[in-house]
Amino acid sequence: MLDATVLIIDDDDDILLSARLFLKQQVKQVITCKSPKEINVLLSKNEIDIILLDMNYQKGASDGREGLYWLEHILSIDKDYVVILMTAFGNVELAVKAIKKGATDFILKPWENEKLFATISSASKLRESTKKVKKLEKIHSSLQKDLTRGFENIVGQADEIKQLQNTLLKVAPTDANVLILGENGTGKQVFAYEIHGNSQRKNQVFMHVDLGSLNENLFESELFGYAKGAFTDAKEDKPGRFELADGGTIFLDEIGNLTLPLQAKLLSVLQNRTVTRLGESKERKVNVRLITATNMPLNEMVSKNTFRQDLLFRINTVELLLPALRKRGTDILLLANHFMQVFSSKYHKDIRKLSIKAQEALLQYKWPGNVRELQHVLERAVIMSDGADIAEEDLQLSPQRYAQNNAMPDEMALEDMEKMMVQKAIDKHKGNISKAAAELGLTRAALYRRIEKFGI
């Protein structure tokens, strides 16, 4: 049986009955109607694959003009519709004219069932091929940015990272929904891509959607798509991200940013596994693996009624909590060396290692921006470095910047922070108290008191 929905339009009840009785054994669904005036409604409510269209409707008509008119009308809605014209009057010239106007094939009535099935079968293959090409074109257009960038693999030896990798390898081959939690910059997208890359869907699409960048007006059109004419700038049909990810994985980043009305719309799609484009009423089935991520406390938001509990249940079959970089110990240097090699290659530099001072500075810094900030720091350091080693100055992690970026007394005692800043200033200026005091905004006497206090 062909996985196709066939629409038959003919004003003859006997033709409709005969076609239905035969084709319902050969295809997934058969829809019939007597008047082409119903075409718009039928196409908007159903996912039609093949249209069998009679060429004459007025009594006594045999020139096929009506059929050609409705053919053009159907193809103006979507040029990729597969239309097979039917007529009881054999006319080679008319058939050629119909093919030129976009008809897929031409069949005479009464037909032989074998001939009809062969025509429908060929049309079904054409429809599937067209849909695949169209999907690939849309995917290429929507994902051009993601396709040109590389995804980092997970780098780390910390116990927390090893545990997460073990969990990932267990979860990835399933279709379980995964919620990834963690601060900004901890690598949530990297983990999402690793899940996809170790799944049964790895050869299909990985669709990244940043929900934080979508306002309420764009949410439905971007995720669920829209029909031509649905709004002012809708000049053609456009599938949404869910349709484009069909068969693959969709990664909804920053899901905690959704308002309650948008959460309700998303929940409906996840429950029904169907989407409805803006401007249409027909539902389209989608088969996607769902991965979501946020840096927001969803459980607290549920208790405050700002996040739906039923949506949280739907998305967090498995939770992964990514640790902050400051809690990953020597992974900081492991990642720093990894990024140093990546950017040395990118910028054609022969940089071999991090200096001891640079390593110490990296370990002392608290990384409020996590792995993403470390990546940016190393990229800049590679660009700024003049030698074979990255020096502390190349990192540009001055005491002032350190204090500004890490105002976190809960993470580090203020006294320890002050000691570290004094030590860094003295090291930077090679023991020159005047320069160190000036950088710290202290008098020489005040700096000496702190040196004595901290035993430096």
Side-chain angles (χ1 to χ4, degrees), residues 1-5 27-29 46-50 78 80-82 123-149 151 168-180 189-211 219-227 236-253 255 265-278 280 282-293 314-315 317-318:
M1 178 175 287
L2 301 176
D3 184 21
T5 297
V27 301
K28 179 179 66 177
Q29 184 180 10
N46 301 278
E47 183 70 18
I48 304 295
D49 295 301
I50 301 165
D78 186 341
D80 293 319
Y81 274 126
V82 173
S124 178
K125 290 176 182 177
L126 175 64
R127 175 65 171 170
E128 283 302 308
S129 177
T130 302
K131 284 165 69 174
K132 286 179 181 178
V133 170
K134 195 172 182 181
K135 180 180 176 181
L136 288 172
E137 289 174 349
K138 293 293 185 181
I139 289 171
H140 176 76
S141 175
S142 297
L143 298 182
Q144 189 171 14
K145 188 176 293 184
D146 274 349
L147 289 173
T148 54
R149 69 177 291 277
F151 288 96
L168 186 153
L169 292 174
K170 293 177 183 176
V171 173
T174 74
D175 261 352
N177 294 338
V178 180
L179 171 62
I180 307 175
Q189 183 177 350
V190 174
F191 270 82
Y193 191 76
E194 283 293 308
I195 293 170
H196 172 74
N198 286 278
S199 74
Q200 302 296 320
R201 300 170 181 259
K202 62 184 178 182
N203 294 322
Q204 303 299 320
V205 177
F206 175 80
M207 178 71 67
H208 177 209
V209 185
D210 181 4
L211 298 178
F219 178 82
E220 286 191 79
S221 61
E222 280 296 315
L223 263 65
F224 311 141
Y226 54 80
E236 62 177 356
D237 290 347
K238 182 182 177 182
R241 298 299 185 94
F242 271 88
E243 281 186 72
L244 293 177
D246 189 41
T249 301
I250 189 164
F251 173 47
L252 303 182
D253 204 356
I255 195 169
K265 291 175 181 178
L266 176 60
L267 179 63
S268 176
V269 169
L270 298 181
Q271 288 176 332
N272 300 326
R273 303 184 74 82
T274 60
V275 295
T276 302
R277 294 180 184 177
L278 283 175
E280 288 186 347
K282 63 184 173 188
E283 295 181 337
R284 300 169 186 265
K285 292 182 180 180
V286 289
N287 172 21
V288 297
R289 168 76 175 278
L290 177 69
I291 304 175
T292 53
R314 177 71 59 174
I315 65 177
T317 305
V318 177

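With hydrogens and angles disregarded, a donor-acceptor distance shorter than 3.5 Å links the side chain of Thr174 to the backbone of Val171. A donor-acceptor pair under 3.5 Å links the side-chain atoms of Asn177 to the main chain of Arg314, judged by distance alone. Remark: side-chain polar atoms of Arg127 are paired, donor with acceptor, to backbone N or O of Ile48 under 3.5 angstrom. Checking side-chain atoms of Asp246 against main-chain N and O of Asn287 turns up a donor-acceptor pair under 3.5 Å. A distance-only check finds a donor-acceptor pair linking the side chain of Lys282 to the backbone of Asn46 [under 3.5 Å].
In this structure, Ile250 and Arg241 have side chains that are in contact, with non-hydrogen atoms separated by less than 4.5 Å. Looking at Leu266 and Ile255, their side chains come closer than 4.5 Å, going by heavy atoms from C-beta outward. Within the 4.5 Å cutoff, no side-chain heavy atoms of Val209 are placed close to those of Glu222. Two residues are said to be in side-chain contact when any heavy atoms from C-beta on lie closer than 4.5 Å; Ser124 and Ile50 meet this criterion.
Across all their heavy atoms, Ala192 and Ile180 have their closest contact at N-CD1, 3.7 Å. In terms of heavy-atom proximity, Ala176 sits nearest to Val318 at CB-CG2, 4.4 Å. The heavy-atom pair separating Val82 from Ala123 by the smallest distance is CG1-CB, 3.6 Å.
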Show your reasoning for whether side chain to side chain contact (heavy atoms under 4.5 Å, CB included) applies to Asp3 and Asp49. CA-CA 9 Å; Asp3 184 21; Asp49 295 301; over 6 Å; no
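The environment of NZ in Lys28 is crowded: more than 12 heavy-atom neighbours from other residues, nucleotides or ligands sit within 6.0 Å. Counting non-hydrogen atoms of other residues, nucleotides and ligands closer than 6.0 Å to CD of Glu128 gives a total above 12. The number of heavy-atom neighbours closer than 6.0 Å to CD of Gln271, taken from other residues, nucleotides and ligands shown, is above 12.
Screening Gln204, His196, Arg289 against Thr249 for a side-chain hydrogen bond (donor to acceptor under 3.5 Å, both in side chains) leaves a single residue, His196.
Take Asp175 and apply the side chain to side chain donor-acceptor pair (under 3.5 Å) test, not counting sequence neighbours, and it matches Arg201.
The distance from the OG1 atom of Thr276 to the NZ atom of Lys265 is 12.0 Å, given to the nearest 0.5 Å. Between Lys238 atom NZ and Glu243 atom CD the span is 11.5 Å, to the nearest 0.5 Å. Interatomic distance, Asn272 CG to Leu267 CG, rounded to the nearest 0.5 Å: 8.5 Å. Note that CZ of Arg277 is 14.5 Å distant from CZ of Phe242, once rounded to the nearest 0.5 Å. Taken to the nearest 0.5 Å, the NZ atom of Lys170 stands 11.5 Å off from the CG atom of Leu168. Distance CG/Leu270 to CD1/Ile315: 8.5 Å, rounded to 0.5 Å.
Using a 30° and 60° split on the angle between ring planes, His208 and Phe251 fall in the parallel class, below 30°.
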